[in-house]
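When a ligand or atom number is given, it counts from 1 through the structure's own listing order.
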Amino acid sequence: MKYFDRNAWIYLDGRFVKADTAGTDLFSQSVHYGLSAIEGIRAYNTHNGTRLFRAEQHYERLRHSCEQVGIDFRWETDVLVDKTYELLDRNNLRSAYIRPLVTTGRNMYLTPATDSSIVITAWEWGPFLGAGLIRTTLSPYRRPSPHSLPMDAKVSGQYVSSIVATTEATKRGFDEAILLDHDGYVAQASSNNLFIEKDATLYTPPVGHIFPGITRQAVIELANIFNIGVVEKQLTPDELKGADSAFLTGTATGIVGVAAVDGTTFPEAWSDTMGATVQRAYKNLTLEKENYEVII
Ligand code: PMP
């Protein structure tokens, strides 16, 4: 995977610099303890030009993530959105994945972060889990508890848990891990939210023990427009395995259908599912082929 070459620009603390000239501080809290916050935004090549999907919401979430773990966030959302468009332009990217990252300064104590720095990078990236249906497994690892860390903070250190779960799942030959929460209910995949369909209704775990994804929210909005019922409720592993179909949602992934969980294959053909309907609608929404806000 190539993230940048010698011509690539990144945005760093108010300036555009060449990616290969920028470095990091080896004494920063971010490197040692994972105290940094990230976002993942997508830009789509639409008939209206290159468009960021819900960029304001992503940058507001970045602010919120930082605030929750005591990282100083002093950047304005509209400036960051403008700079992101400029970054895409400078890199000649029409569709891209954008990764803003807020790092913290030198501090080997476990005291609050001293200073912070923002970097925005972008590269071309296809769907995170590919375009086909994926095979999942229930992970032996559980999501971090809301009693340990704020659930809605997209903080780098949290991803150690996601990486450990994904590594374990792929070693056993699966594409993705599904993690339970600390109470033993189904929470989500390692970096995606989860929906199941059962008897013509969609179900998804409620916020509180999951990371509340922006794609998840878009799916709920689209389902409402299509008169598809969505119930947010805790799901047991048996309810997951007894579903008619299931799908995962996330910015990098988009919407991807789940073929099976461990030995259980979902019975409904993906093309007939509500997930497939929402998947088509989400694509149209991000490509600005439909303006569902106007339809409402
Ligand atoms: N869960 C986790 C742990 C994530 O990191 C992400 C995003 N990368 C998601 C869910 C999906 O969130 P979103 O739809 O906002 O991308």
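Contacts between S190 and ligand 1 below 4.0 angstrom, taking non-hydrogen atoms only, involve the backbone exclusively. With a 4.0 Å cut-off on non-hydrogen atoms, Q188 touches ligand 1 through its side chain and not its backbone. At a heavy-atom cutoff of 4.0 Å, ligand 1 is contacted by no atom of I210, backbone or side chain.
Checking H64 against E60 by side-chain atom types alone, no donor-acceptor pair falls below 3.5 Å.
The nearest heavy-atom contact from the protein to atom 8 (N) of ligand 1 is K154 NZ, 2.9 Å. Scanning the protein heavy atoms around atom 9 (C) of ligand 1, the nearest turns out to be S191 O, 3.4 Å. Among protein heavy atoms, atom 5 (O) of ligand 1 sits closest to Y159 OH, 2.3 Å. The single protein non-hydrogen atom nearest to atom 16 (O) of ligand 1 is T251 OG1, 2.6 Å, given as residue, atom name and distance. The closest protein non-hydrogen atom to atom 12 (O) of ligand 1 is G213 CA, 3.3 Å. In this structure, the protein non-hydrogen atom closest to atom 14 (O) of ligand 1 is T215 OG1, 2.6 Å.
For ligand 1, the polar-atom distance check finds no N/O of R216 at less than 3.5 Å from any of the ligand's N/O atoms. On a distance-only criterion, I214 and ligand 1 share at least one N/O pair closer than 3.5 Å. Between S162 and ligand 1, a contact under 3.5 Å exists for no N or O pair. Backbone and side-chain nitrogen or oxygen atoms of R143 are examined, and none is located within less than 3.5 angstrom of a nitrogen or oxygen of ligand 1. At least one N or O atom of R61, backbone or side chain, sits closer than 3.5 Å to an N or O atom of ligand 1.
Taking the ring centre of W123 as origin, the terminal cationic atom of K2 falls outside the region bounded by 6.0 Å and 45° from the ring axis. Taking the ring centre of F211 as origin, the terminal cationic atom of K154 falls inside the region bounded by 6.0 Å and 45° from the ring axis.
Looking at E197, Q279, E268 one by one, the single match for side-chain contact (heavy atoms from CB on, under 4.5 Å) with M274 turns out to be E197.
The closest approach between a heavy atom of A252 and any atom of ligand 1 is not below 4.0 Å.
Electrostatic pairing of R106 and D25 counts as a salt bridge here, judged by a charged N lying under 4.0 Å from a carboxylate O.
D175 is not listed as a side-chain neighbour of T136, based on a closest heavy-atom distance of 4.5 Å or more. Residues T166 and Y159 have side chains not in contact (no heavy-atom distance under 4.5 Å, counting atoms from C-beta outward).
Residues L62 and L52 share a single hydrophobic cluster, defined by chaining ILVMFWY side chains whose heavy atoms lie under 4.5 Å apart. Residues W9 and L12 are members of separate hydrophobic clusters, defined by side-chain heavy-atom contacts under 4.5 angstrom among Ile, Leu, Val, Met, Phe, Trp and Tyr.
Aromatic ring pairs are classed by plane angle as parallel below 30°, tilted from 30° to 60° and perpendicular above 60°; the pair F247 and F195 is parallel.
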